[in-house]
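Structure first, commentary second.
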Amino acid sequence: MKHKKAKKYGMVINLDKCTGCGSCMVACMAENNVPFRKDESDKLLSITWMRVYKLTNGKPFPNTDICYLPRPCMHCEGQHEGHSPCVTVCPAVATDYNIETGIVSQIYTRCFGCRYCMASCPYKARYFNWWDPVWPDGMEKYLSPNVSPRMRGVVEKCSFCFHRYQMAKEKAFMEGRRELKEDEYQTACTQACPAGAITFGDLNNPNHAVYRMVKPDPKHHGRPTNPNAFRLLERLGTNPKVYYLSSREWVRRVGDNYLKNESIAKKTVHQG
Amino acid sequence: MDSALIPRGVKRCPLWQFLLFISVVGAVLLWGVYAMLLCWIKGLNQTNMNDYYGFAIWIWADLAVIAVGGGAFFTGLLTYIFGKDELKSIINYAVLIGFICYSSALLILAYDIGQPLRGWFIFWHANVHSMLTEVAFCLSCYFGVLTIEFIPLILENRQIDRVPFFHHLSHNMHEIMAVFAATGVFLSFFHQGSLGGVAGVLFGRPFAFREGILIWPWTFFLFTWSAAACGPCFTILITKITETVTRKKLVKDSAIELLAKISGWMILTYIIAKTADTWYWATVTAPSMGQTLMDFYSNNPLYGIWILFAEIVICGFVPAAILITKKGRKNSVALWIAVILAVVGVCINRWVMVLQVMAVPVMSFDYWAMYFPSWQEIATTILPVAYGIILVGLAHRYLPVFPDESELNPIETLPAEEEETVEPPVDLEQELKPAEA
Ligand code: SF4
Ligand code: SF4
């Protein structure tokens, strides 16, 4: 039998299209039973698997420009598959790298809440359950039965809606198929974005839109070859599977750290 | 009243005074226990941690007590393996301090985790690639070793020692102490090192990340080294404090001076290595990730370059310079200053490597995470200190912690003091005998 190449699910977010409306954040919370409290004014305690950041170019009027940047978990691949910053440090294997899909999972019933993974993640994509979830009256009935709610004292993060992948696989299996079609597995945020800024698919599959949009370079851990594409903190060697597109240079530059007189083109990949 | 329990030939304060002291410290301890229970019952929302700043102040305390508790393994190494007999005067106390430090560290871990009942998952579902797993295993094993090292001292309590079995047990344990000391050194090397590795492997955090050899980042070696260097200073410091509080000399000067001298040279070599590490990180590692040294020390109200200066120069080179000179070691004030600075230095290092890491932003559009601990965090951080003081108090009163104490403080037998100080009359001893059975 021909060896089937493993999947590498990833996301491309077109920042030129994102309007910062926050639909992706709302869709994510509803889809994944993300808990919230009455008072969510302290954003450092809010759980937002998908979080939209507002960036500015820091220039005075009339040259001011802004950009919204949605940030899910990057499902980092690391320097070799599975060497994500968070996966390598978790002492209890409560967060795991799935070789089949490239998705970084979180096992809530195994996590004991040491928060070492939070320290390791430069994207601050991990959130701790400081409280047990309390749902407004009657809301339990609206929770998704496909995603387990989390208890106090454990860490959670974006799962690329892994339950959707499992359901799509089951459906395909029932229909006698092994492969999923591109549109069969899509994350909630991708579908919710009214501007169509988010694209999701298999980065290993040249027929998928995500592949065509960024043209990942396999020799450099999937670094994008499209000049308008970039990954957050590329130089750290985390090798995220979330890519961003922007036609604006300042936006692409904000995606990483550079020394004062360093140009984007010259950057070297650390550890690479 | 408790004179039958007090070691022979030494003088202790009246029982009421001792109990008063214990109850004052005990009140602080209870305050800490209350805060700890709050964290267990209500959860970590009792702290001021948040999703940007996910480590509480007690984690710094955890790393700091482990570092300063390093005096136990290093003094053990010098005494039992290298045969520095002068240090026998202080080794018991070094072990006791180490025992307190490590039991505190384990206690802190128990309330630090979000799901304390799942704490054992770290052993059961161990991820062998995680530095924290290595810490957990070595720390627990070493705590076992320290307990074994501590037991003979307990058995030497005057009443326990009268039971022949315990007497022989303690004697035999002493005989093979070198084996435990060697095991302790081995385990300490790894858990001190892996604690350094915890920060050094974070390749997503340029502030913490360090290159190294194979799987061990430089911080691995620096942590072990600094614990071996500064741990003995903590032992000296606590000895000096105990001597001040009890107003008598407890350890021979030769022991203190030898330990101070070795510690001084260790600090000097460590701080040179630390300087080289910082230099390489600031000029090669961080720039390769697009960051400069000053990115880590500016644009925020607290974290300035003063931290680096304080750690390396004031609390590194200065104590080293004092301790390596005979004059410095012999001058009591200079010795005090040196050991305090060395202890502060290693504590700053642990704070920087664990808490400042959380504060520094990585994404260019992110911001510094400033944080101030809640009272529950402060109380639970003080809890181990109160526990340590009580244990030191009890051990000092009832165990022969300082073998040279009676020689250094000969008791003049004034009739009025007799009851408190000298051995009980023979008939009392005889009366106690049946209780052994
Ligand atoms: S973004 Fe953070 S949580 Fe997600 S895989 Fe990378 S390091 Fe882990
Ligand atoms: S908080 Fe949970 S997932 Fe994160 S490192 Fe600790 S045990 Fe692993």
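What you are looking at is a predicted structure, and each value in this text was computed from that prediction instead of being measured.
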Given a strict heavy-atom distance threshold of 4.5 Å, which part of L233(A) is in contact with chain B: side chain, backbone, both, or neither? side chain
Pick from G114(B), A208(B), G290(B), P287(B): which one has the most heavy-atom pairs with chain A under 4.5 Å? G290(B)
Does atom CD of E40(A) have more than 12 heavy-atom neighbours from other groups under 6.0 Å away? yes
L232(A) portion near chain B, given a 4.5 angstrom heavy-atom threshold: side chain
So which part of L202(B) gets closer than 4.5 Å to some heavy atom of chain A, the side chain, the backbone, both or neither? side chain
Presence of salt bridge, K8(A) and E77(A), under 4.0 angstrom: yes
Against chain A, work out which of T133(B), V128(B), V357(B), I59(B) has the most heavy-atom pairs shorter than 4.5 Å and name it. T133(B)
With a 4.5 Å heavy-atom cut-off, do T109(A) and S148(A) have their side chains touching? no
Could you tell me which of V198(B), V135(B), L109(B), T292(B) has the largest number of non-hydrogen atom pairs under 4.5 Å with chain A? V198(B)
Turns out that what part of S84(A) lies under 4.5 Å from chain B's heavy atoms comes down to backbone
May I ask you to decide if the ring planes of F137(B) and F123(B) are parallel, tilted or perpendicular, using 30° and 60° as cut-offs? perpendicular
Under 4.5 Å to a heavy atom of chain A? For V354(B) that would be neither
When you measure from the side chain of R210(B) to the backbone of F207(B), do you find a donor-acceptor pair of N or O atoms at a distance under 3.5 Å? yes
Count the heavy-atom pairs under 4.5 Å between each of M131(B), M363(B), M358(B), H129(B) and chain A, then report the option with the highest count. M363(B)
Examine W351(B) together with F55(B) and report whether their ring centres are nearer than 6.0 Å. no
For chain A, which residues from residues 32-45 of chain B have at least one heavy atom closer than 4.5 Å to it? W40(B), I41(B), K42(B), G43(B), L44(B), N45(B)
Measuring heavy-atom distances to chain B, does C121(A) have an atom under 4.5 Å in its side chain, in its backbone, in both, or in neither? backbone
Per-residue contact mode, D366(B) against chain A (heavy atom under 4.5 angstrom): side chain
Counting heavy-atom pairs under 4.5 Å to chain A, which of Q291(B), R205(B), H125(B) comes out on top? H125(B)
Keeping the roles fixed (side chain from R118(B), backbone from P116(B)), state whether a donor-acceptor pair exists under 3.5 Å. no
Under the 6.0 Å and 45° cation-pi test, does R110(A) pair with F112(A)? no
Return the option, out of C114(A), A119(A), P85(A), with the maximum number of heavy-atom pairs under 4.5 Å with chain B. A119(A)
Region of L44(A) that comes under 4.5 Å of a non-hydrogen atom in chain B: both
Return the minimal non-hydrogen interatomic distance between G197(B) and P217(B), and the atom names on each side. CA-CG, 3.9 Å
If you measure from the Lys or Arg side-chain nitrogens to the Asp or Glu carboxylate oxygens, is any gap between R231(A) and E234(A) under 4.0 Å? yes
When you look at CH2 of W216(B), are more than 12 heavy atoms from neighbouring residues, nucleotides or ligands closer to it than 6.0 Å? no
V87(A) versus chain B, heavy atoms under 4.5 Å apart: side chain, backbone, both or neither? backbone
Charged N to carboxylate O below 4.0 Å: is that the case for R253(A) and E262(A)? no
Between T56(A) and chain B, which part of the residue has a heavy atom less than 4.5 Å away: side chain, backbone, both or neither? neither
When you measure from the side chain of R115(A) to the backbone N and O of D112(B), does any donor-acceptor pair fall under 3.5 Å? yes
Most contact-rich option vs chain B, by heavy-atom pairs under 4.5 angstrom, among S120(A), A94(A), G113(A), is G113(A)
For the side-chain hydrogen bond (donor to acceptor under 3.5 Å, both in side chains) test, which of T47(B), D51(B), N50(B) pairs with W130(A)? D51(B)
Sort Y53(A) into side chain, backbone, both or neither according to what part of it lies under 4.5 angstrom from a heavy atom of chain B. side chain
